[in-house]
Asks: 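Please see the structure below; I have some questions.
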Amino acid sequence: MDLYKPYVQNDRQRKLVDAAGELADMFSERGEKYDREDQFPYQNFDDLKQSGYGNLSLPKEYGGEEITLYELVMIQERLATGDAATALSIGWHLGGLMELTETRAWDEHIFKDLCGKIVNNKALINRAATEPATGSPTRGGLPQTKAVKTDGGWTLTGRKSFTSMARVLDYSLVSATIDDTDEKGFFLVDHDLKGVSIEETWDTISMKGTGSDDLVLTDVHLPASSLVERDSSAVGEDIPKAWLLHIPACYIGVAIAARNYAIQFAKDYSPNSLPGPIKDVPEVQRKIGEMELELFKARQILYSVADKWVREPSKRRDMASELASVKHVVTNSAFQIVDTAMRIVGARSLFRNNPMQRYYRDVRAGLHNPPMDDMVIGMLAKNALE
């Protein structure tokens, strides 16, 4: 059964999802080893670089494919069926660049230069905005990372947590408070600069392969041009960040992997207490049906809202609650699908050599990615009361 046939709209999308599928299948074979040995998946990122996957959301004139939001969620979902941590990590890279491609918020020569480094040098970039003291930037806390103006530019000092794929990043977009003001800016930081280091603090049971370690900045000297965004001059700040749909796309990809495993298990497992495989047991069929219904619901809302974003750009400013709702519904559905899949597989799903236990740990992380459930519910309530 081709799960993408109902959603693929043209030949380009079919090629994109097939290319993501080839990568996902390779990643899937390595997943258990990386997880068991607690290794960072360097080989996965090498494969992504060689395939040109990191270029997909760049402008066509700068060597990219300029994929749409619809295409982003499709390929990220497929990639995550192979390895969720790798998919989530590269999703930050692709999504952030998609936003810059659409808004052109930076000075064009700086953006063009960055695109050239991504295309020619296979560079990777991510935003570094979370800090231990402030938590998620979506909560509105002001960064403790400080940018001080100097004669030649800026000096940056601070620490960022949850910096996904930190060990392979070439650049970070670092949020910092500017001088002694309450203004926040984002600075483009080359990881080769003196004073930039990675402290390996990522010790979790979920999404271990993201390697979301701490980025430490100690008196990092930056040129004046490194301040690429500031609050007072943000472009398109009233437009919601639709590219964050790469998050629910990733977690429903985990759910699809669990669903696929459970269905195959039901076809193959034949205990001697039954005349055939457990797929013929009514209760197992009911659970499979429940998974399919939950998956249909989640994917319909994910793809329909992404499609609306692409086809009706005039409505984008009013789509914040829709986008947030997608994240809430899809990540919670993904968690439910994995739970049901584990009930089908039974106690075998808890063995370390069974991928189901990894899916279970990984899908749980989706509940803690932005926007968090309480913020979504609060937003919907506020909109209704107004």
Side-chain angles (χ1 to χ4, degrees), residues 10-20 22-23 44-76 78-79 86-129 164-165 168-175 185-193 222-230 233-237 239-246 249 306 309-311 313 316:
N10 50 52
D11 290 341
R12 167 183 153 110
Q13 291 176 6
R14 171 50 65 185
K15 290 177 182 177
L16 285 168
V17 77
D18 286 348
E22 290 180 10
L23 290 164
N44 290 357
F45 288 97
D46 287 343
D47 289 338
L48 287 169
K49 289 180 178 183
Q50 293 308 311
S51 71
Y53 196 88
N55 306 342
L56 292 177
S57 58
L58 296 178
K60 288 183 179 179
E61 68 264 34
Y62 296 152
E65 292 293 331
E66 213 163 325
I67 58 172
T68 66
L69 179 67
Y70 189 89
E71 291 166 340
L72 175 69
V73 299
M74 182 178 290
I75 62 174
Q76 284 296 107
R78 181 66 180 94
L79 194 68
T86 302
L88 187 67
S89 296
I90 198 66
W92 296 113
H93 167 98
L94 288 177
L97 292 170
M98 173 177 282
E99 181 180 35
L100 293 176
T101 296
E102 290 182 348
T103 64
R104 299 298 173 100
W106 292 10
D107 287 342
E108 193 64 21
H109 75 279
I110 297 176
F111 181 51
K112 180 180 179 180
D113 181 64
L114 177 64
C115 291
K117 289 171 179 173
I118 292 167
V119 172
N120 299 319
N121 303 335
K122 315 297 184 186
L124 294 174
I125 186 170
N126 192 7
R127 285 189 184 267
S164 293
M165 58 178 175
V168 292
L169 286 177
D170 300 285
Y171 299 92
S172 286
L173 279 172
V174 179
S175 63
F186 274 92
F187 294 79
L188 180 61
V189 177
D190 186 331
H191 281 216
D192 286 337
L193 290 174
L222 300 171
S225 60
S226 65
L227 177 56
V228 289
E229 301 171 17
R230 58 195 306 165
S233 61
V235 176
E237 60 184 347
I239 299 177
K241 296 184 182 298
W243 62 271
L244 288 174
L245 287 189
H246 85 90
W309 177 271
V310 174
R311 293 180 183 275
R316 290 179 179 178

Asks: For His246 and Gln76, indicate whether the former's side chain and the latter's backbone hold a donor-acceptor pair under 3.5 Å.
Replies: no

Asks: Does the pair Glu61 and Glu66 meet the rule for a side-chain contact (heavy atoms from CB on, under 4.5 Å), with working shown?
Replies: CA-CA 9 Å; Glu61 68 264 34; Glu66 213 163 325; 4.1 Å; yes

Asks: Of the non-hydrogen atoms in Asp170 and Ala123, which two are nearest, and what is the gap between them?
Replies: OD2-CA, 3.1 Å

Asks: Hey, is the main chain of Thr68 close enough, under 3.5 Å, to the side chain of Glu71 for a donor-acceptor pair?
Replies: yes

Asks: Looking only at heavy atoms, which two atoms of Phe45 and Leu124 are closest? And how far apart?
Replies: CD2-CD1, 4.2 Å

Asks: Could you tell me whether the side chain of Arg12 reaches within less than 4.5 Å of the side chain of Leu16, counting heavy atoms only?
Replies: yes

Asks: Short question: side chain of His93, backbone of Ile125 - any donor-acceptor pair under 3.5 Å?
Replies: yes

Asks: Evaluate Leu56 against Met98 for side-chain contact (heavy atoms from CB on, under 4.5 Å), listing each step before the verdict.
Replies: CA-CA 9 Å; Leu56 292 177; Met98 173 177 282; over 6 Å; no

Asks: For the atom pair CD1 (Ile67) and CD (Gln13), what is the distance rounded to the nearest 0.5 Å?
Replies: 10.5 Å

Asks: Got a sec: does the CG of Asn121 have more than 12 other heavy atoms crowding it under 6.0 Å?
Replies: yes

Asks: Heavy-atom distance under 4.5 Å between the side chains of Tyr62 and Leu114, does that happen here?
Replies: no

Asks: Can Glu65 and Lys15 be said to form a salt bridge (Lys or Arg N to Asp or Glu O under 4.0 Å), step by step?
Replies: CA-CA 12 Å; Glu65 292 293 331; Lys15 290 177 182 177; over 6 Å; no

Asks: Going from OG1 on Thr103 to CD on Glu229, what distance comes out if it is rounded to the nearest 0.5 angstrom?
Replies: 7.5 Å

Asks: Answer whether the closest heavy-atom distance between the side chains of Leu100 and Trp106 falls below 4.5 Å.
Replies: yes

Asks: Do any N or O atoms from the side chain of Ser172 and from the backbone of Val174 form a donor-acceptor pair under 3.5 angstrom?
Replies: no

Asks: When you measure from the side chain of Arg316 to the backbone N and O of Pro240, does any donor-acceptor pair fall under 3.5 Å?
Replies: no

Asks: Apply side-chain contact (heavy atoms from CB on, under 4.5 Å) to Leu79 and Leu48, showing your working.
Replies: CA-CA 10 Å; Leu79 194 68; Leu48 287 169; 4.2 Å; yes

Asks: Any chance you could measure Arg230, atom CZ, to Phe187, atom CZ, to the nearest 0.5 Å?
Replies: 7.5 Å

Asks: What distance separates Asp11 CG from Arg14 CZ, expressed to the nearest 0.5 Å?
Replies: 9.5 Å

Asks: For a quick test of reading the model, state the closest non-hydrogen atom pair linking Val17 to Arg78 and the distance between them.
Replies: O-CG, 3.7 Å

Asks: Closest approach of Leu58 and Cys115, non-hydrogen atoms and distance?
Replies: CD2-SG, 3.7 Å

Asks: Decide whether a cation-pi geometry holds between Arg104 and Phe111; the criteria are a distance under 6.0 Å from NZ or CZ to the six-membered ring centre and an angle within 45° of the ring axis.
Replies: no

Asks: What closest approach, in Å, do Leu23 and Ser51 show between heavy atoms, and which atom pair accounts for it?
Replies: CD1-OG, 3.7 Å

Asks: Who pairs with Asp190 by side-chain contact (heavy atoms from CB on, under 4.5 Å), at least two apart in sequence or on another chain?
Replies: Tyr171, Asp192, Leu193

Asks: Main chain of Leu97, side chain of Ser57: is a donor-acceptor contact present, judged purely on distance under 3.5 Å?
Replies: no

Asks: For Ile110 and Ser225, what are the C-alpha separation, side-chain angles and deciding distance, and is it a side-chain contact (heavy atoms from CB on, under 4.5 Å)?
Replies: CA-CA 8 Å; Ile110 297 176; Ser225 60; 4.0 Å; yes

Asks: Could you measure the distance from the CE atom of Met165 to the CG atom of Asn126? Nearest 0.5 Å is fine.
Replies: 5.0 Å

Asks: With heavy-atom distances below 4.5 Å as the criterion, would you say the side chains of Trp92 and Leu244 are in contact?
Replies: yes

Asks: For the residue pair Ala249 and Val73, what are the closest heavy atoms and their distance?
Replies: CB-O, 3.5 Å

Asks: When rounded to the nearest 0.5 angstrom, what is the spacing between OG1 in Thr86 and CD1 in Ile90?
Replies: 9.0 Å

